[in-house]
Chemist: 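Attaching a single structure in structure tokens format; questions to follow.
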Amino acid sequence: MKTLRFIKYILGASIAGLLISSQALAAKTFCSMTLNSSDEIATFQAALTSQGWNFVELVPDNKDPRWFQNACRSGLQCDVLLISGHFGGLFFGEGTSQTIDMAEMEKASCDNSCPGILKNPKEVFLMGCNTLASQSRDHRTIDQYLNVLLNDGIPLDFAEQVVASRYSQQGFSLEKRFASIFPDTQKLYGFYSTGPLGKYAAPLLRNYIKNVGNYGSHLDRLSAAPNNALLNAFKGQAFRETNPSKAVPPDARGLYCALRSSDKSVQSKAVTQIAQENKVTMYFDSLASQLSYGDSISGQIDASTKNIIKQSLTKIKNNNSQLVTIQHDVMQVAGSLGLVDPITRDMQVRMLLDQAYGQTMNYAKVRQICGIIRDEPGFQNMTYLRLQELTKKSPYFMLTLGCYDSLNDDTRDFLFGKIGMPDKEHERTIALQVMKPFWNQNDMPFLSMILKNADSDLRARIFMSANKILQQYKYSLLMGPGLATCVLNAENRTEYSQGKEWSCLSENQAKLSPDVCDYFANRNPDPENADDMRWYCWSNNKPRFLNSRPECYLLAETFKIRGNQMKNIWNCSNRDIYGY
């Protein structure tokens with residue numbers, strides 16, 4: 001009997017030990033942000049679920065643009081984090097509309113609003129190209145890498161900043177930026193150049209996990225020693241490992257985050273320290289992203305500090321003479337710190353825009369010009385003759401006019417001419433869309449004249465653009481079949497009817513220009529469904545949009561979800577006239 005009791009005791013103790021072990025393993029949480037390939041996370045799930053790991057996907061199936069903030073607020077504590085996607089300053093994918101921007105992660109890390117995801121993990125896998133790149137050259141030139149980002153739909157201004165982080169000796173490298181985002185992580189894994197697609201990375205991970213065995217025990221044993229098993233598994237794949245605290249020491253990260261503080265006194269002290277330690281070039285990307293013209297801290301910076309910064313900015317400007325965005329960043333920093341007077345700055349901005357106008361005027365250049373204009377509230381530099389000249393130079397130029405926060409008289413007259421007598425149809429479409437927020441009662445004589453000779457479809461489109469001042473005339477203006485009737489019924493509805501508004505799109509497929517699509521999509525209170533309406537317009541009018549690229553890009557700009565916008569820009573840039 002004693003032997004039997006002893007056997008039962010041993011068995012009970014063993015079962016209890018197994019339960020305790022299982023519960024300990026179950027406490028481990030593997031988080032993922034799957035923006036593109038699911039091959040990598042599926043590999044971990046297949047191997048570790050039986051070991052008691054919990055898997056939590058942070059990117060939802062819906063297109064909620066606040067998904068990252070929601071995940072941060074959830075209180076989730078991640079032991080491991082894996083991010084998979086194409087990378088170019090932000091993670092994105094081909095099959096999803098969600099994105100995650102480095103700048104958003106930097107802010108959340110610095111203000112400690114997402115500790116469970118950005119500070120708790122012991123390991124972070126950054127499965128995207130260049131995620132742990134230094135600033136040394138690889139097999140691509142600056143221009144080649146810039147074109148890769150542009151072809152992915154990343155705006156030129158954003159792309160130039162990423163290129164500068166990747167290849168210049170100014171600012172933090174991408175490796176250091178991620179090290180600052182994950183300061184308490186023991187191991188950061190990623191790529192210092194182009195990495196393999198998920199389907200090729202998955203079998204390498206599978207072999208690695210098999211060799212590791214119990215992954216919870218592996219995590220508990222992590223040390224400063226290199227993870228040779230993983231490095232060997234990815235040998236020849238530009239794979240690397242980084243220890244964040246060594247890549248960016250705590251004092252360096254402290255300055256990095258101080259520049260992102262909303263407290264101007266904290267920010268100004270950081271600027272002074274950076275100058276005194278001769279680190280302006282090192283922290284330039286932080287200065288450029290956090291200091292903006294009009295939000296001056298110049299009164300808190302002494303003259304000697306300003307002089308040091310001015311000398312450094314001159315060097316950065318000279319080293320980036322062809323990167324218009326970096327040139328403008330230099331102006332932004334100088335303006336914020338009071339290093340240039342308003343008249344000189346105005347002249348510099350005009351010269352910079354002239355430099356941009358003188359370069360190849362493709363859509364990427366248009367978006368870069370827009371980035372400058374939007375950062376210069378109230379700035380106007382267009383005469384009627386200059387507008388005509390630039391419109392003849394490039395069919396995309398008119399898209400820049402939608403980036404001003406006000407329009408001067410020459411620009412308004414130019415747009416009126418394009419609405420009344422366009423040289424090409426896309427010019428009328430762009431003009432109607434640009435004028436949308438700027439119509440006023442003084443424009444009634446022009447509207448009365450143009451509406452007299454317009455057919456019912458054009459009257460409807462003009463009404464969509466200027467409906468705020470034409471409301472009282474809607475019954476007389478929207479007398480007509482098809483599109484006009486749809487608009488009249490929409491304007492008369494007291495509550496939004498998703499079904500009826502969708503019907504307006506399906507019943508008027510041949511007339512779905514970007515301004516028409518945007519009118520109905522903007523009435524939709526659900527951003528995701530509203531973008532679905534824009535996709536419907538694209539899908540059912542590909543020949544029109546691909547034969548009229550300015551209209552294609554105009555439609556892309558109306559998308560509200562960033563991933564959708566990037567995808568449609570890619571379509572406009574890369575599809576042929578048959579949609580392939």
Side-chain angles (χ1 to χ4, degrees), residues 63-65 92 97-99 153-158 363-364 366-367 369-371 373-374 395-405 407 415 418-419 425-439 460-468 483 486-487 490 496 498 501-502 504-506 508-575:
K63 298 174 184 176
D64 183 354
F92 61 97
S97 297
Q98 305 286 19
T99 60
I154 294 174
L156 181 56
D157 53 349
F158 190 85
Y363 179 67
V366 163
R367 296 192 88 192
I369 290 169
C370 276
I373 292 171
R374 288 189 176 115
Y396 304 114
F397 165 72
M398 280 183 63
L399 293 169
T400 67
L401 302 181
C403 303
Y404 287 98
D405 64 354
L407 301 178
L415 292 170
K418 293 303 182 183
I419 292 172
E425 181 55 31
H426 75 260
E427 295 178 346
R428 171 178 282 156
T429 303
I430 295 172
L432 286 170
Q433 191 72 356
V434 170
M435 278 299 301
K436 210 177 226 183
F438 298 116
W439 294 104
R461 293 176 66 195
I462 292 172
F463 179 88
M464 292 178 200
S465 178
N467 63 344
K468 289 182 180 178
L483 185 61
C486 259
V487 175
Y496 178 74
Q498 183 169 293
E501 307 260 334
W502 268 97
C504 283
L505 298 183
S506 62
N508 294 279
Q509 282 189 22
K511 304 170 185 177
L512 297 183
S513 56
D515 54 316
V516 174
C517 296
D518 192 47
Y519 168 81
F520 288 107
N522 271 340
R523 291 175 57 81
N524 194 325
D526 177 4
E528 182 175 351
N529 194 260
D531 270 8
D532 287 343
M533 297 176 85
R534 295 179 174 98
W535 279 125
Y536 179 87
C537 294
W538 154 258
S539 299
N540 287 277
N541 281 277
K542 287 182 184 178
R544 171 183 181 141
F545 292 127
L546 295 175
N547 277 298
S548 178
R549 302 284 170 159
E551 284 195 333
C552 190
Y553 288 118
L554 183 62
L555 176 67
E557 288 182 347
T558 66
F559 279 86
K560 300 304 181 186
I561 296 172
R562 188 175 192 177
N564 287 340
Q565 186 181 83
M566 289 174 63
K567 285 182 177 61
N568 205 209
I569 289 171
W570 188 92
N571 287 331
C572 298
S573 300
N574 296 284
R575 301 289 186 191

Chemist: Using 0.5 Å steps for rounding, measure from the OG atom of S548 to the CD1 atom of I430.
Modeler: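 If we round to the nearest 0.5 Å, S548:OG and I430:CD1 are 7.5 Å apart.
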Chemist: Any side-chain heavy atom of C517 within less than 4.5 Å of one from L555?
Modeler: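 Result yes, sub-4.5 Å side-chain heavy-atom pair found.
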Chemist: Please tell me if the side chains of Y553 and R549 come closer than 4.5 Å, counting only heavy atoms from C-beta onward.
Modeler: yes
Chemist: Mind listing the closest non-hydrogen atom pair of Y396 and Y363 along with its distance?
Modeler: CD1-N, 4.0 Å
Chemist: State, to 0.1 Å, how close E551 and P514 come at their nearest heavy-atom pair, and which atoms those are.
Modeler: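 Looks like O-CG, 3.3 Å.
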Chemist: Carefully, step by step, assess R461 and D515 under the rule side-chain contact (heavy atoms from CB on, under 4.5 Å).
Modeler: CA-CA 7 Å; R461 293 176 66 195; D515 54 316; 2.9 Å; yes
Chemist: Passes side-chain contact (heavy atoms from CB on, under 4.5 Å), V487 versus M464? Steps please.
Modeler: CA-CA 8 Å; V487 175; M464 292 178 200; 3.2 Å; yes
Chemist: For the atom pair CZ (R428) and OG (S513), what is the distance rounded to the nearest 0.5 Å?
Modeler: 10.5 Å
Chemist: Please evaluate residues C403 and R367 with respect to the criterion side-chain contact (heavy atoms from CB on, under 4.5 Å), reporting the C-alpha separation (whole Å), side-chain torsions for both, the decisive distance (0.1 Å), and the verdict.
Modeler: CA-CA 9 Å; C403 303; R367 296 192 88 192; over 6 Å; no
Chemist: Any side-chain heavy atom of D405 within less than 4.5 Å of one from F438?
Modeler: no
Chemist: Which atom names give the shortest non-hydrogen contact between F545 and C552, and what distance separates them?
Modeler: O-CB, 3.3 Å
Chemist: Taking side chain as C-beta onward, heavy atoms only, is M398 less than 4.5 Å from P550?
Modeler: no
Chemist: OG/S539 to CG/D532 distance, rounded to the nearest 0.5 angstrom?
Modeler: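 Result: 10.0 Å between the selected atoms.
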Chemist: Between CZ of R575 and CH2 of W538, what distance do you get to the nearest 0.5 Å?
Modeler: 6.5 Å
Chemist: Are M566 and T99 close enough that some pair of their side-chain heavy atoms sits under 4.5 Å apart?
Modeler: yes
Chemist: What I'd like to find out is whether the side chain of C537 reaches to under 4.5 Å of the side chain of F520, using heavy atoms alone.
Modeler: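 When only atoms from C-beta onward are counted, F520 and C537 do not touch, as no gap falls below 4.5 Å.
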Chemist: Please report the shortest heavy-atom distance between R374 and G402, naming the atom on each side.
Modeler: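 Residues R374 and G402, closest heavy atoms: NH2-O, 4.5 Å.
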Chemist: Taking all atoms of both residues into account, what is the closest heavy-atom pair of L415 and M435, and its distance?
Modeler: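 In this case the closest contact between L415 and M435 is CD1-SD, 3.8 Å.
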Chemist: For residues 520-530, pull every pair meeting side-chain hydrogen bond (donor to acceptor under 3.5 Å, both in side chains), keeping only residues two or more places apart or in separate chains.
Modeler: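 Non-adjacent pairs meeting side-chain hydrogen bond (donor to acceptor under 3.5 Å, both in side chains): Y496-N524, E501-R523, W502-N529, D518-N522, N522-R534, N524-N529.
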Chemist: Classify the ring geometry between F559 and W535 as parallel (under 30°), tilted (30 to 60°) or perpendicular (over 60°).
Modeler: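 The rings of F559 and W535 sit tilted, inter-plane angle from 30° to 60°.
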Chemist: Would you call Q498 and P525 a side-chain contact if the rule is heavy atoms closer than 4.5 Å?
Modeler: no
Chemist: Does a side-chain heavy-atom distance below 4.5 Å link L554 with T429?
Modeler: yes
Chemist: Any chance you could lay out the side-chain contact (heavy atoms from CB on, under 4.5 Å) test for F397 and V366, step after step, and finish with the verdict?
Modeler: CA-CA 6 Å; F397 165 72; V366 163; 5.6 Å; no
Chemist: Measure the spacing between CG of N568 and CD of E557 and express it to the nearest 0.5 Å.
Modeler: 10.5 Å
Chemist: Looking at every heavy atom in both W439 and S465, which two are closest together, and how far apart are they?
Modeler: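 Heavy-atom minimum between the residues: NE1-OG, 2.8 Å.
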Chemist: Check whether D531 reaches the backbone of K560 with its side chain - one donor and one acceptor, N or O, closer than 3.5 Å.
Modeler: yes
Chemist: Atom CD1 of I419 and atom CD of E427: how far apart are they, to the nearest 0.5 Å?
Modeler: 11.5 Å
